[in-house]
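Quick notes on the structure that follows.
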Amino acid sequence: MNKYLEQLIQLSKFDKEIDEFIPRVESVEKTLRTTKEKLEQTNIAIANIDENLEELKLQKAKTNTHISEFAAKIKEVAKKGSQAKSEKEIKALNLEEEIAKEQLQAANEEIQRLEKIEANKTESKEELEKVVAEISNELIKIEAEISSELQSIEKERKEVYMKKDKLIGEMNQKILTFYEKIRKWARNTSVVPVKKQACYGCFMQINDKTYSAVIKGEDIVTCPHCGRILYKETQE
């Protein structure tokens, strides 16, 4: 096989390996990113609960103030009742006392309702805090694993780059420029095999003359349909 063609085949393989590192890194980092997002979402949920608990605290304080006011009102009405003389005044005070008692009861019921909500919110927060602890521990393990895996990938990447740089240093610059022009649009299908007399880049059938030249491997042959560099694999 033509020396330059062999170099081009090897160069295309190096380029393909290099391009494959990107999705490998993205795949590894996706797990870390997903876990971090999960932790962030959980912390946001806890922050929302804290806001709700603060609001409940203010509502309870406001309601407790009303309870004190209603209790004081009932005492005041009772005091006035003991001093009332006319039946009309007594009826008015009784009505006022009844309303104050109803308001007091409603306020106490509101406190119970708020405390129930507060208890549920607190329970939910405690559960989420457990989740945060679990995710945080998981994150530490993932970061350690990913760090090791990324180091391994980076080591492989450097080795491939070294081999590619060495090969490029040995190649004819005109041939290299020709390859790079094709690679701009064909990417990792710049150099493709011919199988069953078809270009495995565009999958079009090539004529007998071109196929014969590919089989001989004495020259660099391009597909007459798409322009990719063709070569014959040892086995079809």
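Nearest heavy-atom pair across Phe70 and Ala100 is CB-O, 4.0 Å. Here the closest heavy-atom approach between residue Thr222 and residue Leu230 is recorded as C-CD1, 3.9 Å. Shown here for Ser12 and Tyr179, the closest heavy-atom pair between the two residues is CA-OH, 3.4 Å. Nearest heavy atoms, Ile182 versus Gly227: CD1-O, 3.6 Å. In terms of heavy-atom proximity, Ala107 sits nearest to Thr63 at O-CG2, 3.3 Å. Taking both residues in full, the closest heavy atoms of Ile49 and Ser124 are given as CD1-CB, 3.9 Å, listed atom of the first, atom of the second, then distance.
For the salt bridge (charged side-chain N to carboxylate O under 4.0 Å, His left out) with Glu118, the qualifying choice from Lys125, Lys60, Arg113 is Lys60, the only one to do so.
Rounded to the nearest 0.5 angstrom, Asp15 CG and Glu180 CD are separated by 6.5 Å. In this structure, the separation between CG on Leu56 and CD on Glu51 is 12.0 Å, given to the nearest 0.5 Å. In this structure, the separation between CG on Leu11 and NZ on Lys16 is 14.0 Å, given to the nearest 0.5 Å. Between the CD atom of Glu55 and the CD atom of Gln59 there is a distance of 7.0 Å, given to the nearest 0.5 Å. Atom CD of Gln151 sits about 12.5 Å away from atom CD of Glu156, to the nearest 0.5 Å. Atom CD1 of Ile142 sits about 10.5 Å away from atom NZ of Lys36, to the nearest 0.5 Å.
Using a cutoff of 4.0 Å between basic side-chain nitrogens and carboxylate oxygens, Glu154 and Arg157 are scored as salt-bridged. Between Glu170 and Lys166 there is a salt bridge, with a side-chain nitrogen of the basic residue lying less than 4.0 Å from a carboxylate oxygen of the acidic one. Lys101 and Glu97 are joined by a salt bridge, as a carboxylate oxygen and a charged side-chain nitrogen come within less than 4.0 angstrom of each other. In this structure, Asp19 pairs ionically with Arg183, as a charged nitrogen and a carboxylate oxygen lie closer than 4.0 Å. Remark: Glu69 does not engage Lys73 in a salt bridge, criterion side-chain N to carboxylate O under 4.0 Å.
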Mind running side-chain hydrogen bond (donor to acceptor under 3.5 Å, both in side chains) on Asn188 and Glu20 for me, showing each step along the way?
-> CA-CA 10 Å; Asn188 289 322; Glu20 286 174 351; over 6 Å; no
Check step by step if side-chain hydrogen bond (donor to acceptor under 3.5 Å, both in side chains) holds for Asn2 and Tyr231.
-> CA-CA 10 Å; Asn2 181 290; Tyr231 70 94; over 6 Å; no
What's the verdict on side-chain hydrogen bond (donor to acceptor under 3.5 Å, both in side chains) for Thr189 and Arg228, showing C-alpha distance, side-chain angles and the deciding distance?
-> CA-CA 7 Å; Thr189 62; Arg228 290 177 172 87; 3.0 Å; yes
Give the C-alpha distance, both sets of side-chain angles, the deciding distance and a yes or no for salt bridge (Lys or Arg N to Asp or Glu O under 4.0 Å) between Lys80 and Glu76.
-> CA-CA 6 Å; Lys80 287 181 179 179; Glu76 183 185 346; 3.3 Å; yes
Evaluate side chain to side chain contact (heavy atoms under 4.5 Å, CB included) for Thr210 paired with Val221, printing each intermediate quantity in order.
-> CA-CA 7 Å; Thr210 303; Val221 181; 3.6 Å; yes
Side chain to side chain contact (heavy atoms under 4.5 Å, CB included) between Ile146 and Glu143, intermediate numbers included = CA-CA 5 Å; Ile146 284 178; Glu143 285 176 336; 5.8 Å; no
Given the rule in the side-chain hydrogen bond (donor to acceptor under 3.5 Å, both in side chains) test, do Gln105 and Glu109 qualify, once you have shown the distances and angles that lead to the verdict?
-> CA-CA 6 Å; Gln105 183 180 351; Glu109 289 174 355; 3.3 Å; yes
Steps toward side chain to side chain contact (heavy atoms under 4.5 Å, CB included) verdict (Asn94, Glu98) = CA-CA 6 Å; Asn94 286 340; Glu98 187 179 338; over 6 Å; no
Worked check of side chain to side chain contact (heavy atoms under 4.5 Å, CB included) between Tyr4 and Asp219 = CA-CA 8 Å; Tyr4 297 138; Asp219 299 304; over 6 Å; no
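Under the 4.5 Å side-chain heavy-atom criterion for grouping Ile, Leu, Val, Met, Phe, Trp and Tyr, Tyr161 is connected to Ile153 within one hydrophobic cluster. Cluster membership check: Val131 does not share its hydrophobic cluster with Ile44, using side-chain heavy-atom separations under 4.5 Å among Ile, Leu, Val, Met, Phe, Trp and Tyr. When the side chains of ILVMFWY residues are joined at heavy-atom separations under 4.5 Å, either directly or via intervening members, Leu95 and Ile74 end up in two distinct hydrophobic clusters. Met204 and Val194 end up in different hydrophobic clusters when Ile, Leu, Val, Met, Phe, Trp and Tyr side chains are linked at under 4.5 Å.
A donor-acceptor contact shorter than 3.5 Å links the side chain of Asn207 to the backbone of Lys209. A distance-only check finds a donor-acceptor pair linking the side chain of Gln205 to the backbone of Lys196 [under 3.5 Å]. With hydrogens and angles disregarded, a donor-acceptor distance shorter than 3.5 Å links the side chain of Ser82 to the backbone of Lys79. A donor-acceptor contact shorter than 3.5 Å is absent between the side chain of Ser212 and the backbone of Asp208. No side-chain donor-acceptor contact under 3.5 Å links Ser152 to the backbone of Ser148. A donor-acceptor pair is defined here as one N or O able to donate and one able to accept, closer than 3.5 Å; no such pair exists between the side chain of Ser27 and the backbone of Pro23.
More than 12 heavy atoms of other residues, nucleotides or ligands shown are found within 6.0 angstrom of CD on Glu129.
Proximity of Pro224 to Ile206: side-chain heavy atoms (C-beta onward) are separated by under 4.5 Å at one or more points. Looking at Ile99 and Glu96, their side chains never come closer than 4.5 Å, going by heavy atoms from C-beta outward. In this structure, Lys38 and Thr35 have side chains that are not in contact, with every pair of non-hydrogen atoms separated by 4.5 Å or more. Between Lys57 and Leu53 there is no side-chain heavy-atom pair separated by less than 4.5 Å. Using a 4.5 Å cut-off on side-chain heavy atoms (C-beta onward), Leu167 and Lys163 make no contact. Side-chain contact between Lys158 and Lys155: absent, with no pair of heavy atoms (C-beta onward) separated by less than 4.5 Å.
With a 6.0 Å cutoff to the six-membered ring centre and a 45° limit on the axis angle, Lys164 does not count as a cation-pi contact of Phe14.
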